[in-house]
Amino acid sequence: MLMSKIVLQTVKETPGDVKIASHALLMRSGFIKSVANGIFTLTSPAAVACRNIENIIREEMNALGGQEVLFPVVMPRELWESSGRYDSIGSEMVRFKDRGNKDMLLGMTHEEAAVHLINNTVSSYAQFPSMIYQIQTKFRDEPRCRGGLIRVREFTMKDAYSFHMTKEDLDEFYYKVLEAYNRIFRRVGLKKFISVRSDTGMMGGSVAHEFMLLTPVGEDTLVLCDKCGYKANMEVAECVDTPASEEDMQELQEVFTGEAKTIEEVCDFLHMPVEKSVKAVVYAIKGDKERTVVAFVRGDREVNEAKLRQAVKANIAVYEGGCEGIVPGNIGPVNLDRNITVIVDKGLKGCRNMVVGANKDKYHYTGFCIDRDLDAVSYCDIAKVRDGDICPVCGGPLHLENGIEIGNIFQLGTKYTESMNVTVLNNEGKLVYPIMGCYGIGIGRLLASIVEESNDEYGMILPVTIAPYKVHLCALRVDEEEVRAEAERLYKGLMDKGIAVLYDDRDISAGVKFADADLLGMPLRVVVSPKNLKKGELELTFRKDRTSRSVPVENGVRAIEEAIAELGLEYNI
């Protein structure tokens, strides 16, 4: 590709509202152009880079026996009603009516379409296990777009769906996919990525893992133990408190606390440490106006809403008031209205002499002992883990890091096949529900994550495996016949070898050419200049560490091939 012809515009300055490196560099390099909030055009280099990522993914999915399909972008309401998700998913799913006044939707994921395909093509266990996958554009009306391609509304995604006859077969395949994902992320050039246990969320199922790029700009919080290797997303990380002390039980007493409402205000008023208090957090259940949930945790803890959703087996929403029996600022577990669902964190088990709300305006109890003062308590782990907490596996210290989700895998079980009444005959001739797994990777987000990890003060540093051009050919003084002729000979020779080249044939200064080459981040820069040609040489510069070497002009194509192969060794290709 000639720089004089490419539809691309590089800029020096980063837009003022852009805070994340990958977003800034993808915009400055001209790789992406914003069309609307969370919607981007990918210019030719970005599109080719994404295609290179897709091809790596295809190779790994095909190696697992995957069959590439293409599901529809638009689906009818009835298909999603059959799984129960048409009403359970909120406004992030775009719904509309077609010209026949039929309710339709834009696909944001394709479990229903995958099950529909299996239902209409497979009838016997002999065709299982099987895995189908697609790479397709989706739309999710995301309310919190951020970071360029990191969180968008329109995106391209690889989503795969496997079908099995037994849980053991799913388990075996699931961990094969997990290893394939590790290979994919290594091959595209990522280094600081890990897999962690995660919440199944709206996907459902029993087991899930997320693959995370460790970076300070990530919006997911990861819980890690360096001692034993424990890894989990904050949403599912187990919270371990030190055992409650065996102090003597005090009498439960109602005390006046006046206008003190928050945990801090109440504890200051009573001269008690916050860890000796019980915090109450109130939630409503989405779609159920009659049900209110109160979660109780130790006063120095926060409620983990993902774990609470699992505990109540329903979607929760922030409480907006209006529930009989709720006294904001004075809520406690003693004598709480029986129509309210109470969830008690396991960190309160055995706690004695605590401060709790008295469910009476301006009053709290002191001396609360949970084993004595509450009947038939069922404990759940609903607290957030903090930095320095105890590892649930080895007892060592936990620490928190941020991460960007770059992929996910789920064991869905029979959630969709059962709800959509899809059965096949097993080897005994009985109808059973196939067991499912699903596996996703966002292509644009993966490109952004690569750039986020691999850049410097000058621009992007693209791995050779995904770079749209392996060579950035810079001809200095193209107005000189010898330079132009040698650059064009080299360009043609590389193209004939199947090597993708970006040839900067513009009649501009060397400084501008080098700045653009650094910004665009192709793995290898090759310079043809009057000075080098006088010595019969070309200059090769590796973008990743800016080291240079000179090679003879007559051996230029071969030397460049060898340099590219050298770069590829890092990615096991």
Side-chain angles (χ1 to χ4, degrees), residues 196-201 208 210 219-225 228 230-245 261-267 272-285 292-319 329 331-334 336 340-357 364 368-371 373-374 376-403:
V196 300
R197 288 290 297 266
S198 64
D199 180 35
T200 56
E210 291 173 339
E219 61 183 359
D220 286 282
T221 302
L222 311 178
V223 180
L224 310 173
C225 176
C228 72
Y230 173 81
K231 302 185 291 280
N233 192 300
M234 175 64 81
E235 293 178 331
V236 298
E238 184 179 350
C239 186
V240 178
D241 278 300
T242 54
S245 61
K261 299 294 184 183
T262 67
I263 287 292
E264 291 74 15
E265 290 171 346
V266 172
C267 289
M272 298 280 285
V274 291
E275 60 267 24
K276 294 295 291 182
S277 65
V278 177
K279 180 185 295 182
V281 187
V282 187
Y283 295 92
I285 299 296
T292 301
V293 173
V294 178
F296 291 101
V297 295
R298 210 171 67 183
D300 58 337
R301 292 286 186 184
E302 299 295 330
V303 174
N304 184 321
E305 294 184 358
K307 290 196 283 189
L308 182 62
R309 279 196 301 271
Q310 293 292 334
V312 299
K313 295 180 171 51
N315 287 326
I316 56 176
V318 176
Y319 172 76
I331 306 167
V334 180
L336 189 62
I340 295 171
T341 300
V342 172
I343 305 293
V344 180
D345 180 56
K346 68 183 183 67
L348 290 173
K349 188 174 184 179
C351 285
R352 297 181 177 183
N353 307 325
M354 308 289 281
V355 176
V356 299
H364 281 74
F368 171 73
C369 301
I370 195 162
D371 295 336
D373 298 324
L374 284 186
V377 179
S378 179
Y379 297 98
C380 299
D381 178 12
I382 59 169
K384 278 186 179 180
V385 174
R386 301 172 302 190
D387 196 73
D389 274 354
I390 301 168
C391 174
V393 175
C394 71
L398 295 172
H399 68 277
L400 309 183
E401 291 196 37
N402 290 347

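The model shown is predicted, which means the values in this text are computed figures rather than measured ones. Sequence positions, counted from 1, serve as the residue numbers for this chain. Only this structure's heavy atoms are used, side chains among them; waters, hydrogens and symmetry mates stay out.
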Self-check item: Residue pair Val356, Ser277: steps toward the side chain to side chain contact (heavy atoms under 4.5 Å, CB included) verdict
Solution: CA-CA 6 Å; Val356 299; Ser277 65; over 6 Å; no

Exercise. Measure the shortest side-chain to side-chain distance between Ile390 and Thr242 over non-hydrogen atoms and say whether it is less than 4.5 angstrom.
Key: yes

Quiz item: So, the side chain of Lys307 versus the backbone of Ala237: is there a donor-acceptor pair under 3.5 Å, distance only?
Solution: yes

Quiz item: Phe296 versus Val342: any side-chain heavy-atom pair under 4.5 Å?
Solution: yes

Quiz prompt | Side chain Lys279, main chain Asp300, donor-acceptor under 3.5 Å | solution = no

Quiz item: Which residue pairs satisfy the side-chain hydrogen bond (donor to acceptor under 3.5 Å, both in side chains) criterion with at least one member in residues 392-403, sequence neighbours excluded?
Solution: His399-Glu401

Exercise. Drop me the distance from Cys239's SG to Asp389's CG, to the nearest 0.5 angstrom.
Key: 5.0 Å

Quiz prompt | Spacing of CD1 belonging to Ile285 relative to CZ belonging to Arg309, to within rounding of 0.5 Å | solution = 11.0 Å

Quiz item: Quick one: does Leu224's side chain get under 4.5 Å of Leu398's, heavy atoms only?
Solution: no

Exercise. Please examine the side chains of Cys391 and Cys228, heavy atoms only from C-beta on, and report whether any two atoms are closer than 4.5 Å.
Key: yes

Practice problem: May I have the step-by-step check of side chain to side chain contact (heavy atoms under 4.5 Å, CB included) for Arg298 and Val278, ending in yes or no? | Solution: CA-CA 5 Å; Arg298 210 171 67 183; Val278 177; over 6 Å; no

Exercise. Determine, for Arg352 against Asp373, whether the closest basic-nitrogen to carboxylate-oxygen distance falls under 4.0 angstrom.
Key: no

Quiz item: Got a second to check how far Phe368's CZ is from Lys276's NZ, nearest 0.5 Å?
Solution: 11.5 Å

Self-check item: For Lys346, all residues meeting side-chain contact (heavy atoms from CB on, under 4.5 Å), sequence neighbours excluded
Solution: Glu238, Tyr379, Asp381

Quiz item: Is there a side-chain contact between Leu222 and Leu400 (heavy atoms, below 4.5 Å)?
Solution: no

Self-check item: Exam field: side chain Asn233 to backbone Val196, donor-acceptor pair closer than 3.5 Å
Solution: no

Quiz item: Quick one: does Asn315's side chain get under 4.5 Å of Tyr283's, heavy atoms only?
Solution: no

Practice problem: State plainly whether the residues Arg301 and Asp345 are in salt-bridge range, i.e. N to O under 4.0 Å. | Solution: no

Self-check item: Contact check, side chains of Glu305 and Ile316, non-hydrogen atoms, under 4.5 Å
Solution: yes

